[in-house]
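Read the structure below first, then the notes.
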Amino acid sequence: MKNQFVADVLYKIADLLDIKGEIYFKTRAYRVAAQTIENLDEDIEIIVRENRIGSLPGVGEGISKKIRELVETGKLEYFERLRKEFPEGLLSLLSIPGLGPRKVASLYKNLGITNIDELRKACIDGKLRDLDGFGEITERNILRGIHLLEKTSGRVLLNVAYLDGNNYQEYLKKFDRIDKISIAGSLRRMRETIGDLDILASSDYPDELMDYFVKYPDVQRVLLKGRTKTSVLLKDGVQVDLRVVGKESYGAALQYFTGSKEHNVHMRSIAIKKGFKLNEYGLFDKKTDKYIVGRTEEEVYNRLGMSYIEPELRENRGEIEAALENKLPRIIEYDDVKGDFHVHSTWSDGSDTIETIVDNAKKIGYSFIGIADHSQSLKIARGLSEEKLIKKIAEIERINKKNNDIRVLCGTECDIKPDGSLDYSKNVLKKLDFVYIGIHSKFKMNKKEMTRRIISGMENEYVDFLAHPTGRLIGRRDPYEIDIEQIIDAARETNTLLEINAFPDRLDLNDINIKFAKERGVKLVLGTDAHSISHLHFMRFGIATARRGWLEKKDVLNTYPIKEIEKILQK
DNA sequence: GCCGTTTTCGGCCCGACTGTTTTCAGTCG
């Protein structure tokens, strides 16, 4: 699929046009089109072939032509020309906090700055302060921005932000003149990475609340401070924004600050069409400015003729249209999951014994727990030989006899070898309660070979689940070269469930592919890939990703009663 | 550049804060 490639080119065109000083609405048009392509659950090449580009929302005549050229030739003349007008590194300057297209253009035009290193030097030399609109403070802020960008690459993983957010929220709840408080922003939507953390509160004492907010022990620096908005930088590099609004605006503000930006833009344009004005203070009559609703999010959605939209769905991927028709799926809830399939024990590279894992699973309230250790060829992770695996099956039988309130399932995470064969014989595989397969070596095969390798694995009759299907590690390793559509189709044909690996740096499959798999009739299975009992709680992030992929309870094996799961696995 | 219960031209989401100004442009979300 070339979808991401096409979207990236459109985003870059928008950035370049911004720097060129093109009108805002033109560059926005490119970004809207890019977002549409990015969120498609269909291959753009097929859409081009069938002459359906023009029917995509936000894609008109001009951009249609450009997409066609890009898909058919792999290049775009217009983009190449535009790119030649500016040096290569200029776009990277836009990712520095505080620098937008106007300032970047001025830096380039007046000082000839083309990349981050040159900008850093110019700041240190005090060259920026003479430019219109720049000063000494700007220089310092840019230097800080560069430092921050290099330290954190701008975003943190969901689990880090989740912990920071909850701890901060607990601290703020101790302020006794606070009425309401919620996490908002991309953390509330449970995106896989979080740029900064948004917290919303309502209080009749905003000044005192802001004073209390900046005294949090983990605060490194206060970035800005006002009556309604204050931002701080935590010691771990995460930025936290607190917004304070009145009670009558709380729902509208929560809706607004939860985003996504694209969801909000769409919401507001619907409000306008229906004769309203929507902002963070409420829903107002467009003509008279009279306040209509705003205390709760439900009120806002309902008054606009929509059903309530869960935060995880708010990415402008069709949820607004579905809510208008009252056709949103009832997505899986966080307490629907009855157990975990993907847990490593001391038998391979896990740090806890099966008994400890079982005790913790019981405490969580699970009705089953699946132990899936590595297979024999994965020496680095102390993969089990067939003999050892047989012994492990016996140990799990013993543990099951001692425990009536939880069922322990013995599985494996069996390696798919480069030739597509599996790392255990069928004789052994058939003795297990379930079989995960996964890629753990030779990641750099070409697309055709890698796709064939994985599909060969799935064709084995004893295989139940495909672990971390794309192999990506967020921020560290790209997905393997695979044809995800072929994999999804093969999963349906071979009755293999695709995993949503809940480990925070994997979250694999991701939300878009999950939605795609569901639409193709494939079921999914959640696994934490826990290597210690503290990782069992990562399940939350897997469920969040399932919710972002529009999954319902029935789409996820972990929500079924254990009797039914055993029946399904025996087939 | 896109789009149409305000429509084929003229809008396009909108408010807060900062730094640089002396009334506002730029950035952010």
Side-chain angles (χ1 to χ4, degrees), chain A residues 10 13-14 17-19 21-36 53-67 78 93-107 128-142 144-145 154 184-189 194-198 200 206 210 222-231 239-245 249 252-253 255-284 286-287 289 314 316:
Chain A
L10 294 176
I13 291 175
L17 290 176
D18 261 340
I19 293 174
E22 210 24 285
I23 58 158
Y24 165 71
F25 296 108
K26 184 167 170 178
T27 63
R28 199 187 67 169
Y30 277 97
R31 292 202 172 90
V32 168
Q35 208 227 344
T36 299
I53 331 176
S55 63
L56 299 175
V59 181
E61 216 180 293
I63 296 183
S64 272
K65 268 189 173 165
K66 294 187 173 83
I67 293 175
Y78 173 75
L93 299 184
L94 289 173
S95 54
I96 298 167
L99 272 193
R102 305 277 154 174
K103 287 209 162 94
V104 168
S106 167
L107 289 170
L128 269 57
R129 60 191 67 173
D130 300 331
L131 294 182
D132 270 356
F134 290 79
E136 281 183 54
I137 298 172
T138 323
E139 285 173 353
R140 271 207 304 280
N141 284 343
I142 289 175
R144 277 189 185 138
S186 53
L187 179 56
R188 182 153 179 256
R189 304 200 314 280
I194 308 294
D196 52 357
L197 236 149
D198 291 297
L200 178 71
M210 290 309 191
V222 179
L223 299 170
L224 56 93
K225 191 159 176 271
R227 294 196 83 216
T228 67
K229 175 181 173 175
T230 295
S231 297
Q239 182 182 324
V240 186
D241 299 343
L242 175 65
R243 319 267 184 153
V244 181
V245 296
S249 300
Q255 195 282 321
Y256 178 69
F257 292 122
T258 296
S260 66
K261 192 177 168 185
E262 292 78 10
H263 177 90
N264 286 349
V265 169
H266 197 163
M267 287 285 290
R268 287 187 178 198
S269 68
I270 284 175
I272 290 170
K273 270 185 209 144
K274 300 200 172 197
F276 302 114
K277 186 180 76 171
L278 178 63
N279 60 28
E280 55 264 55
Y281 299 107
L283 189 68
F284 299 87
K286 198 165 133 192
K287 289 202 185 96
D289 261 348
R314 300 182 196 171
N316 197 29

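Proteins get letters first, then strands, A, B, ... in listed order; numbering begins at 1 in each.
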Atom-pair distance (NE2 on A:H263; C1' on B:dC13), nearest Å: 13 Å
Provide the distance between the two C1' atoms, one in B:dA16 and one in B:dT8, to the nearest whole Å. 37 Å
Name the one of A:L10, A:D18, A:I13, A:T36 that satisfies side chain to side chain contact (heavy atoms under 4.5 Å, CB included) with A:R31? A:D18
Interatomic distance at C1', B:dC14 relative to B:dT22, whole Å: 25 Å
Reckon A:V32 touches a base, only the sugar-phosphate, or nothing at all at heavy-atom distances under 4.0 Å? nothing
Does A:T138 reach the side chain of A:L128, with side-chain heavy atoms less than 4.5 Å apart? no
Say you pick atom C1' in B:dT20 and the same atom in B:dC24; how far apart are they, in whole Å? 9 Å
Between A:I96 and A:V104, does the side chain to side chain contact (heavy atoms under 4.5 Å, CB included) criterion hold? Intermediate values first, please. CA-CA 10 Å; A:I96 298 167; A:V104 168; over 6 Å; no
When the distance from CD1 of A:I272 to P of B:dC3 is rounded to whole Å, what number comes out? 17 Å
Hey, does A:K261 reach any base, or is it just sugar-phosphate, or nothing, if we go heavy atoms under 4.0 Å? base
Under 4.0 angstrom, heavy atoms only, what part of the nucleic acid is A:R227 near: base, sugar-phosphate, or nothing? sugar-phosphate
What nucleic acid atoms does A:N141 come within less than 4.0 Å of, heavy atoms only: base, sugar-phosphate, or nothing? sugar-phosphate
The nucleotide from B:dG29, B:dT27, B:dG1 with an atom nearest the side chain of A:K103 is B:dT27
P spacing across the pair B:dT23 / B:dG29, given as an integer number of angstrom: 30 Å
Using whole Å, report how far CD of A:Q35 lies from P of B:dC13. 13 Å
Phosphate contact (B:dC17 OP1 or OP2) by A:T228 side-chain N/O below 4.0 Å: yes
Mind calculating the distance between CZ (A:F276) and P (B:dT6) to the nearest angstrom? 13 Å
Would you indicate which nucleotide in B:dG29, B:dC13, B:dG1 comes nearest to any side-chain atom of A:V265? B:dC13
Does B:dG1 have OP1 or OP2 under 4.0 Å away from a side-chain N or O of A:K66? yes
Going by distance alone, is a donor N or O of one side chain under 3.5 Å from an acceptor N or O of the other, for A:K65 and A:Y78? no
Which part of the nucleic acid, if any, lies within reach of A:L10 when heavy atoms closer than 4.0 Å are counted: base, sugar-phosphate only, or nothing? nothing
Any-strand Watson-Crick or G-U partner of B:dT8, both distances under 3.5 Å: none
A:E280, nearest nucleotide to its side chain (from B:dG15, B:dG1, B:dT27): B:dG15
With the side chain of A:K277 defined as its heavy atoms from C-beta on, choose the nearest nucleotide among B:dT27, B:dT20, B:dC14. B:dC14
Grab the CG-P distance between A:N316 and B:dC13 for me, whole Å please. 12 Å
When the nearest nucleotide of DNA chain B is assigned to A:Q239 and to A:K273 on a heavy-atom basis, which residue is associated with the more 5' position? A:K273
Could you tell me whether A:D132 atom CG has more than 12 heavy atoms of other residues or ligands within 6.0 Å of it? no
From CZ of A:F257 across to P of B:dC17 the rounded distance in Å is 10 Å
With a 4.0 Å cut-off on heavy atoms, is A:L99 in touch with a base, just the backbone sugar-phosphate, or nothing at all? sugar-phosphate
Among A:H263, A:H266, A:E262, whose side chain to side chain donor-acceptor pair (under 3.5 Å) with A:N316 holds? A:H266
Take A:Y30 and A:K66, measure what side chain to side chain contact (heavy atoms under 4.5 Å, CB included) needs, and give me the verdict at the end. CA-CA 11 Å; A:Y30 277 97; A:K66 294 187 173 83; 3.2 Å; yes
Whether A:T138 contacts B:dT20 is assessed here as follows: a side-chain N or O lying under 4.0 Å from the phosphate OP1 or OP2. Is that the case? yes
When rounded to the nearest Å, what value does the distance between C1' atoms of B:dT5 and B:dG1 take? 23 Å
Which part of the nucleic acid, if any, lies within contact of A:E61, taking any heavy atom under 4.0 Å across all strands shown: a base, the sugar-phosphate backbone alone, or nothing? sugar-phosphate
Value in whole Å for how far the C1' atom of B:dG11 lies from OH of A:Y24: 13 Å
For B:dG15 and A:N279 - does any side-chain N or O of the residue sit under 4.0 Å from the phosphate oxygens OP1/OP2? yes
Integer-rounded Å distance: B:dC28 P and A:I142 CD1: 11 Å
If each of A:R243 and A:G226 is mapped to the nucleotide of DNA chain B with the nearest heavy atom, which maps nearer the 5' terminus, i.e. the 5' end? A:G226
Output yes when at least one side-chain N/O atom of A:Y281 is less than 4.0 Å from OP1 or OP2 of B:dC13, else no. no
A:K103/A:E139 ion pair, N-O < 4.0 Å: no
Which whole number of Å gives the distance between the P atom of B:dC17 and that of B:dC13? 22 Å
Integer angstrom distance from the C1' of B:dG11 to that of B:dT6: 9 Å
